[in-house]
Amino acid sequence: MESSYFAELVLKSIMDARSSEIKKLQNVAGIIFKLPSKYFIDISYDRAGVPEIQKLLGVTSATNPTYTTFPPVLFPNLIEDKSLKTVFGNWALLAHILKVALRDDICQVTAGSMAWAAVITIFFLSPDTEFSGSGVGMKSNINYKELFYNYKRVLVTKWKSKCIEEIVAKINNYVFGAARTSTIDADHEDHTDAINRAMAALDVDTDDELVDSAPVCYELG
C-alpha cells in the first residue's frame, strides 16, 4: 500500500543515515540545493551554522532556532507565501529528489511520495543526523513523522485543486517523462492552524505565479 510504504520510508531513511535513499541523495544534494556538496556528503556537518541553509528553513535565530511547518524551501523562488497558496510550489526540488530516490516499480507521483520528498528536503537542511523512534529530530526537535502526515493530509485533501494538479503534472513529466494520473488514499489527520490555512489557500485558483515560476534547482539530467 502506497501510504504505509512512504510512511515507513520516512522513518527508515532518516533513522538510518546509511540507507540507500539517503546515500543516493547525498551525492547530488549539493546540485539540488545549489550549495557546496560538503554540507550534505557528511550528514553530521554543522548545517545549523550555514546562513544560506537557515534561510531555506526560515530560521531567523541561530541561538534559539524555530522551524515552521511550511519553510521557504517548499515555495516557488524560495520565498515563503504567508497565504500558503503556493505551498509545494517548488516542484523542481521535489521532482529532483523523487527522480533520484524512487524505486523502479513506482511509476507515478502520489501524495505520499510528494510528502516524503518534502520531509527529506527538510531533513537534509536540518542539523539532524537521525531522529528518535518517535520520529523527532535529535537536534532540531522537528517531528518528521508528523510533518509527513501533515503534508500528506494537505495533498490528499487538495489533490484535485488546480494548484496541486499542475504541480503533480510537472513532477510526473520530469520524473517519468509523461503526465500520469495518480491514485491516492486518505490518511492520518492532524488539525493545526497551518495545515488548515494551507488547505483553504489552495482553494484559490489564481495560480499563475506558481505555474510560470522558474525552477530553483539545477536539472540533474
Side-chain angles (χ1 to χ4, degrees), residues 2-3 5-6 10 25 28 31-34 56-58 68-102 106-122 124-125 147-187 189-190 192 194-221:
E2 178 270 342
S3 171
Y5 168 70
F6 282 104
V10 167
L25 287 167
V28 296
I31 298 173
I32 292 174
F33 293 111
K34 295 164 65 168
L56 294 177
L57 291 174
T68 64
T69 303
F70 300 106
V73 71
L74 297 181
F75 293 86
N77 303 313
L78 307 177
I79 299 173
E80 182 181 1
D81 174 6
K82 296 295 185 181
S83 75
L84 299 179
K85 184 183 70 172
T86 58
V87 68
F88 303 118
N90 190 1
W91 64 268
L93 173 68
L94 303 179
H96 292 166
I97 289 174
L98 290 171
K99 189 167 186 177
V100 172
L102 280 182
I106 293 176
C107 58
Q108 62 182 6
V109 172
T110 62
S113 62
M114 284 180 63
W116 176 82
V119 171
I120 289 298
T121 293
I122 293 170
F124 263 98
L125 296 172
L147 273 184
F148 172 78
Y149 285 119
N150 283 343
Y151 291 164
K152 186 175 179 185
R153 178 179 176 237
V154 171
L155 290 163
V156 167
T157 305
K158 297 302 178 182
W159 197 248
K160 296 299 182 182
S161 69
K162 177 183 176 183
C163 179
I164 298 300
E165 283 190 334
E166 288 171 344
I167 291 170
V168 170
K170 287 178 179 292
I171 295 176
N172 269 330
N173 186 63
Y174 178 77
V175 177
F176 305 108
R180 297 167 184 263
T181 301
S182 294
T183 303
I184 59 171
D185 59 339
D187 206 336
E189 294 189 357
D190 184 301
T192 64
I195 297 299
N196 291 331
R197 284 195 302 117
M199 291 196 295
L202 287 168
D203 280 330
V204 181
D205 284 336
T206 54
D207 300 315
D208 292 341
E209 176 186 354
L210 168 72
V211 177
D212 296 335
S213 62
V216 296
C217 307
Y218 292 121
E219 295 295 328
L220 298 183

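One is the number of the first residue; the rest follow in order along the sequence. For clarity, every value in this text was computed on a predicted model and none was experimentally measured.
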Rounded at 0.5 Å granularity, tell me how far CG in Leu125 sits from CG in Leu56. 5.5 Å
What are the two closest heavy atoms between Ala111 and Lys152, and how far apart are they? CB-CG, 4.1 Å
How about Val154 and Phe88: do any of their side-chain heavy atoms sit closer than 4.5 Å? yes
State, with a plain yes or no, whether a side-chain heavy atom of Leu98 is found less than 4.5 Å away from one of Tyr174. no
Say you draw a straight line from CG of Leu147 to CH2 of Trp116; how long is it, rounded to the nearest 0.5 Å? 14.5 Å
Are side-chain heavy atoms of Leu102 and Phe176 found at a separation under 4.5 Å? yes
Rounded to the nearest 0.5 Å, how far apart are CG of Leu94 and NE2 of His96? 10.0 Å
Can you measure from NZ (Lys158) to CD1 (Ile167) and round to the nearest 0.5 angstrom? 13.5 Å
Taking C-beta and beyond as the side chain, do Leu25 and Ile97 meet within less than 4.5 Å on heavy atoms? yes
Is the shortest side-chain heavy-atom distance between Leu93 and Phe33 below 4.5 Å? yes
With sequence neighbours excluded, what pairs up with Pro71 under the side-chain contact (heavy atoms from CB on, under 4.5 Å) test? Thr68, Val73, Leu74, Ile122, Tyr151
Over all heavy atoms of both residues, which pair between Gly112 and Phe148 is shortest? Give the atoms and the distance, please. O-CE1, 3.4 Å
When rounded to the nearest 0.5 Å, the distance separating CG of Asn90 from CD1 of Ile79 is 11.0 Å
Looking only at atom types and distance, does a side-chain atom of Thr157 sit under 3.5 Å from a main-chain N or O of Arg153, one as donor and one as acceptor? yes
Return the set of residues passing side-chain contact (heavy atoms from CB on, under 4.5 Å) with Glu80 (not counting sequence neighbours), or none when no residue passes. Pro72, Phe75, Lys82
Nearest 0.5 Å, please: how far is CD1 in Ile164 from CH2 in Trp159? 7.5 Å
